[in-house]
Amino acid sequence: MPSDSDNLGSRSGSLVETHTTFQPRVFFFYFLVAIILLSLAGGLAYQQLFKSLSYHAAERVQNQRRVLVPGPRGNIYDREGRLLVGNKPRFSVVLYLDELRGEFRREFIEIRKNYRESGDRDIPTASQMERIARATVVQRYLDQVNAIIKRTVTLDSAGLARHFSRELLLPYLLINDLSAEEYARLIERLPVRSPLQVYTSSTRYYPNQEAAAHTLGFVGYNVEVEAEDFPGDDLTTFKMKGSAGKDGLELFFDATLQGEAGGTIFRVDPAGYRINPPLARRLPVQGKNIVSSIDIDIQLVAEECLGDRTGAAVMIDVNTGEILVIASKPDRAQGEFINRALSGLYLPGSTFKLITAIAGLRSGTLTPESTYTTDGIYVVAGRAFRDHRGCITGDIDFTKAIEHSVNTFFINYGLRTGVDNIAAEARRFGFGERTGIELP
């Protein structure tokens, strides 16, 4: 019979016995934990190594904004290098709203406090009070400008709200087209670091006023300003208004004259206010100049000769084909936008007699020795065609017919030559085809 000590030893030995039996549930648990840890590690690695670029791009698009400023247009000169179209500065007063965040907030708090203390039950919403606060602050700045330049410009509250919501990073235009005196006063009185600034842009300048206006053309606003090779195409972009050619040389050579836009990329806070300094910046570049074949001296003489009459005048250098003058009246100053020299349809008149003569010479119905006896009248199908007053009569040879532009001579030989031969000669000289002139 075993003793108590033996039983105790036996029990004690059973307490420290090692279990080596395989337990599937415990093994499955370890395996499941390992799979979960591996999945987490793989997901973390994927997010860090592969998705970080896309997250960075998304953050960049959300936190950065791009502002584009058009470059000034190139100049247009006449054949002697005299300026026909250039640029002159235009001065405006602008307000940088994104620099007024603190003032907007303080004004909002003051307005909300006043409404609450008034006991008025009809209290505006927070959004409405924000609009009131912004308009109040901007009006204060506008009052400063009015006091300096002696104007009474009022604030467009609706326009301010649109600008704030759509174009916060662009300067808000308060007053446009300042006079030289107003510009000087503001430059002297406005602090250098004020959110109020005198903004300088360019506008087209025509030193000869309306001279050659139909040829030179004009420009209009261009809101589709683009900056080639400047980063940030995927960013929210604000664009200052530029100009684009709408007619004449301004339109035909718009791609050449158009300046290269500059740009700035800013980091912005969640409310859309810029954070200085800018991340990238490129200055605008003026467009290329062009030299036309126009001679402005002769152009002015031609327009003076036309005066107030309706008509057109063109002068061509027959040796080179260059256009020296294109004049059209009435001009734009008189409300006429049609270039009669290019867009009008006119009978060629006596100049076409040369085509008739060459067609006759080619067909053999006319020779340099040909003559015609005329009494000043030629009847065709019952209709009488007359020579000009003072035109010679009797025997007319080919040389005199051209010299005196004798209608009856060319009617006679024109009928002999035939319409088909004359039309073929006209086509050979380019009649009925576009001239290819560099104008719309």
Would you check if Leu160 and Leu97 make a side-chain contact, meaning some heavy-atom pair closer than 4.5 Å?
-> yes
Heavy-atom donor-acceptor pair, Lys239 side chain to Val225 backbone, under 3.5 Å = yes
So, for Ala302 and Val325, which heavy atoms are closest and what is the spacing to 0.1 Å?
-> CB-CG1, 3.7 Å
Smallest heavy-atom separation, Ser293 atom then Ile323 atom, equals OG-O, 2.5 Å
With distance as the sole test, does Asp269 use its side chain to make a donor-acceptor pair with the main-chain N or O of Tyr273 at under 3.5 Å?
-> yes
Any donor-acceptor pair under 3.5 Å from Arg79 side chain to Glu322 backbone = no
Here the pair of heavy atoms bringing Lys246 nearest to Leu251 is O-CD2, 3.6 Å
Evaluate the side-chain proximity of Glu303 to Lys329: yes if any heavy-atom separation is below 4.5 Å, no if none is.
-> yes
Heavy-atom donor-acceptor pair, Glu103 side chain to Leu100 backbone, under 3.5 Å = no
To the nearest 0.5 Å, how far apart are CZ in Phe266 and CZ in Arg65?
-> 12.5 Å
If only atom types and distance count, is the side chain of Arg66 paired as donor or acceptor with the main-chain N or O of Gly232 below 3.5 Å?
-> yes
Residues Gly242 and Pro70: closest non-hydrogen pair is CA-CG, 3.6 Å
Minimum heavy-atom distance Ala327-Leu306, with the two atoms named = CB-CD1, 3.8 Å
Going through the distances and angles, do Lys400 and Asp397 end up as a side-chain contact (heavy atoms from CB on, under 4.5 Å)?
-> CA-CA 5 Å; Lys400 286 185 177 180; Asp397 62 20; 3.3 Å; yes
May I ask you to decide if Val192's main-chain N or O and Gln197's side chain share a donor-acceptor pair within less than 3.5 Å?
-> yes
Value for CG (Leu169) from CZ (Arg274), rounded to nearest 0.5 Å, stands at 5.5 Å
Between Arg282 and Asp229, is there a side-chain N and carboxylate O pair less than 4.0 Å apart?
-> no
Check whether any side-chain N or O of Ser292 sits under 3.5 Å from a backbone N or O of Tyr77 as a donor-acceptor pair, and report yes or no.
-> yes
Should Asn87 and Gln286 count as side-chain neighbours, where that means a heavy-atom distance under 4.5 Å?
-> yes
Below 4.0 angstrom, N of the basic side chain to O of the carboxylate: do Glu110 and Arg106 qualify?
-> no
Heavy-atom distance under 4.5 Å between the side chains of Leu342 and Leu439, does that happen here?
-> yes
Does the Asn146 side chain pair with the main chain of Val153, one donor and one acceptor, at a distance under 3.5 Å?
-> yes
Proximity of Phe352 and Phe431 rings by center, below 6.0 Å = yes
Contact check, side chains of Val138 and Leu174, non-hydrogen atoms, under 4.5 Å | yes
Minimum heavy-atom distance between Asp156 and Arg162, given as atom pair plus value | OD2-NH2, 4.2 Å
What about Phe108 and Phe104, are their ring centers closer than 6.0 Å?
-> no
Judged by atom type as modelled, is there a donor-acceptor pair below 3.5 Å linking the side chain of Asn407 to the main-chain atoms of Arg386?
-> yes
Kindly check if the number of other-residue, nucleotide or ligand heavy atoms within 6.0 Å of CZ (Arg189) is above 12?
-> no
Compare all side-chain heavy atoms of Leu257 with those of Val219 and state whether any distance is below 4.5 angstrom.
-> no
Does Phe218 have Arg332 sitting over its ring (NZ/CZ under 6.0 Å from centre, angle to axis within 45°)?
-> no
Evaluate the side-chain proximity of Phe410 to Ile402: yes if any heavy-atom separation is below 4.5 Å, no if none is.
-> yes
Approximate separation, where rounding is to 0.5 Å, of Leu168 CG and His163 NE2 | 7.0 Å
Using a distance-only test with no angle check, is there a side-chain donor-acceptor pair under 3.5 angstrom linking Arg340 and Ser328?
-> no
Side-chain donor or acceptor of His388 paired with backbone N/O of His404 under 3.5 Å | no
Minimum side-chain heavy-atom gap Lys113-Glu117 below 4.5 Å | yes
Step by step, work out the side-chain contact (heavy atoms from CB on, under 4.5 Å) result for Leu186 and Leu196.
-> CA-CA 10 Å; Leu186 287 168; Leu196 270 176; over 6 Å; no
Just checking, is any N or O donor in the side chain of Glu425 or Asn421 under 3.5 Å from an acceptor N or O on the other one?
-> no
